[in-house]
Amino acid sequence: MAYSGTVSQTTFDTRKVIENAARRCKLPPQSLSAEHVEVAKDQLYLLLSDLSNRGIQLWCIEKQLYPLYNGVSDVMLDLGTLDVLNTNLRTLQQVTGVDTDTSTSRTVFFSTPTFVTTVGVKWSAAGVPLSLQRSDDGVSWTTIQTETPTASAGEWTWFDLDSSVAAPYFRVLATSGSLGFSRIYLGNTPTEIPLARLNRDDYTNLPNKSFQSNRPLQFWFDRQVQRPVMHIWPVPNSAAEDYQIVLWRQRYIMDVGSMTQEIEVPQRWYDAIVAMLAAKLAMEYVEVDPQMIPLLDGKAKEALYFAQQEERDNSPMSILPNIAMYTR
């Protein structure tokens with residue numbers, strides 16, 4: 001028996017999603033006009049957005065680093081953030097050496113091979129694309145990763161390295177334009193402590209919301225229309241600028257792109273997306289027999305149920321009840 005020899009190599013782009021949903025409405029794809037396609041894309045966008053109300057999509061959890069600034073209590077989170085799942089305050093051990101600066105780079109020579117796990121750049125001009133590199137001899141360089149920061153003068157950007165190998169040389173290289181910075185921070189040995197989440201009442205009841213410290217301890221997550229805001233307390237002071245907020249956020253599924261691009265859902269969700277889109281299109285397209293609507297709704301709910309049942313990470317869970325007050 002012959003098999004394809006491939007796994008998960010089939011491209012299921014937006015066009016296929018819409019065409020399969022139309023077929024379930026008993027509409028041949030060739031009968032779809034440009035207006036039909038635009039309506040289908042709009043409904044697909046609404047469908048993907050609505051999934052955020054139905055639990056956490058595991059593929060939409062991201063780790064992010066945010067800088068702290070002296071006297072600034074509000075941290076504006078990235079567009080598309082739905083919620084923060086875990087939030088830590090990170091401190092680093094700074095590593096230093098002999099610095100050599102050019103218009104496009106900073107090279108650091110350590111006295112012994114040294115690990116670098118995190119790099120911070122405080123810009124004196126607009127951020128430019130970077131290459132983070134290490135070397136054993138200062139001549140041949142290995143690129144660890146590349147970054148394209150969007151930052152203005154006076155802002156920090158922080159990067160966790162994909163790999164950390166001890167080397168005597170480390171370089172931050174601008175791959176385009178000049179490297180304008182006021183500080184470059186190289187760190188290792190990260191230590192993280194959780195930040196406690198406050199509700200609105202607890203935050204508003206704080207007697208001194210402008211109290212400053214180098215160790216923020218708590219935050220209120222303020223969900224705004226476009227971008228949520230973390231109101232952190234105590235307010236960071238100047239010493240806190242060497243620290244970062246490390247958070248794992250839940251975000252929206254990526255926007256629907258062109259008809260030849262794929263939608264950002266895993267393969268196990270394709271049937272549920274097609275079924276739910278078909279149910280939505282049955283309500284939008286006048287050509288669809290109204291008697292199809294209950295059938296398509298039922299199929300959509302069934303497919304969604306099975307997709308959600310598998311949306312889990314299978315991690316072990318420990319439950320440690322505290323019954324000390326009953327056993328003393």
With [X], which residues qualify under ring-ring contact (aromatic ring centres under 6.0 Å, His included), at least two apart?
| X | result |
| --- | --- |
| Trp59 | Trp269 |
| Phe12 | Tyr270 |
| Phe109 | Tyr169 |

Is any side-chain heavy atom of [X] closer than 4.5 Å to a side-chain heavy atom of [Y]?
| X | Y | result |
| --- | --- | --- |
| Arg134 | Ser163 | yes |
| Leu47 | Gln43 | no |
| Leu89 | Val246 | no |
| Ser213 | Trp233 | no |
| Leu27 | Tyr285 | yes |
| Ile263 | Leu44 | yes |
| Glu302 | Phe306 | yes |

* To do: For Lys26, look at atom NZ and say whether over 12 heavy atoms of other residues, nucleotides or ligands are found less than 6.0 Å away.
  => no

Main chain of [Y], side chain of [X]: is a donor-acceptor contact present, judged purely on distance under 3.5 Å?
| X | Y | result |
| --- | --- | --- |
| Tyr243 | Pro67 | no |
| Thr81 | Asp83 | no |
| Gln57 | Leu51 | yes |
| Arg23 | Pro28 | no |
| Arg215 | Pro234 | no |

Ignoring hydrogens and geometry beyond distance, is a side-chain donor-acceptor pair present between [X] and [Y] at under 3.5 Å?
| X | Y | result |
| --- | --- | --- |
| Gln145 | Glu147 | yes |
| Arg90 | Asn88 | no |
| Gln133 | Thr143 | yes |
| Asp202 | Asn205 | no |

Tabulate below the donor-acceptor pairs under 3.5 Å that side-chain atoms of residues 71-79 make, not counting sequence neighbours, or state none.
residue	atom	partner	partner atom	Å
Asp74	OD1	His231	ND1	2.7
Asp78	OD1	Tyr66	OH	3.4
Asp78	OD2	Gln64	NE2	2.8

* Can you list the steps and then say if Asp13 with Thr11 is a side-chain hydrogen bond (donor to acceptor under 3.5 Å, both in side chains)? -> CA-CA 6 Å; Asp13 55 23; Thr11 300; over 6 Å; no

Which residues pass the side chain to side chain contact (heavy atoms under 4.5 Å, CB included) test with [X], not counting sequence neighbours?
| X | value |
| --- | --- |
| Asn208 | Ser210, Phe211 |
| Ser33 | Glu35, His36 |
| Thr112 | Thr114 |
| Ser238 | Asn70 |

* Would you kindly check if the NZ (Lys) or CZ (Arg) of Arg171 is within the cone defined by 45 degrees around the ring axis of Trp141 and under 6.0 Å from the six-membered ring centre? =>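 Here Arg171 passes the 6.0 Å and 45° test against Trp141.
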
Spatial distance of atom [atom1] ([X]) from atom [atom2] ([Y]) [nearest 0.5 Å]:
| X | Y | atom1 | atom2 | result |
| --- | --- | --- | --- | --- |
| Cys25 | Asn20 | SG | CG | 11.0 Å |
| Leu85 | Lys63 | CG | NZ | 14.5 Å |
| Ile232 | Tyr203 | CD1 | OH | 9.0 Å |

* To do: Kindly state each residue pair satisfying side-chain hydrogen bond (donor to acceptor under 3.5 Å, both in side chains) with at least one member in residues 178-190, sequence neighbours excluded.
  => Arg183-Asp242

Work out which heavy atom in [X] is nearest to a heavy atom in [Y]; give both atom names and the distance.
| X | Y | result |
| --- | --- | --- |
| Ser135 | Ser140 | OG-O, 2.7 Å |
| Ala307 | Ala272 | CB-CB, 3.9 Å |
| Ile18 | Ala40 | CG2-CB, 3.6 Å |

When hydrophobic residues are tied together by side-chain contacts of less than 4.5 Å, even through go-betweens, does [X] share a cluster with [Y]?
| X | Y | answer |
| --- | --- | --- |
| Phe110 | Leu173 | no |
| Met283 | Leu296 | no |
| Val256 | Val39 | yes |

* Can a salt bridge be assigned to the pair Arg15 and Glu19 using a cut-off of 4.0 Å between side-chain N and carboxylate O? -> yes

* Answer yes when Asp50 and Arg54 have at least one side-chain N-carboxylate O distance shorter than 4.0 Å, and no when they do not. => yes

* Asked: What pairs of residues pass the salt bridge (Lys or Arg N to Asp or Glu O under 4.0 Å) test when at least one of them lies in residues 257-276, not counting sequence neighbours?
  ->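 Of all non-adjacent pairs touching residues 257-276, those that pass salt bridge (Lys or Arg N to Asp or Glu O under 4.0 Å) are Arg24-Asp271, Arg251-Glu264, Arg268-Glu311.
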
* Inter- and intrachain pairs under salt bridge (Lys or Arg N to Asp or Glu O under 4.0 Å), touching residues 287-296, at least two apart -> none

* **Steps toward side-chain hydrogen bond (donor to acceptor under 3.5 Å, both in side chains) verdict (Gln224, Gln226)** => CA-CA 6 Å; Gln224 298 296 315; Gln226 291 292 329; over 6 Å; no

* To do: Kindly write out the residues that satisfy salt bridge (Lys or Arg N to Asp or Glu O under 4.0 Å) with Lys122, not counting sequence neighbours, or none if the list is empty.
  => Glu241

* Asked: Which residue, Asp160, Leu92, Leu68, forms the side chain to side chain contact (heavy atoms under 4.5 Å, CB included) with Gln244?
  ->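 Between Gln244 and the candidates, side chain to side chain contact (heavy atoms under 4.5 Å, CB included) is satisfied uniquely by Leu92.
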
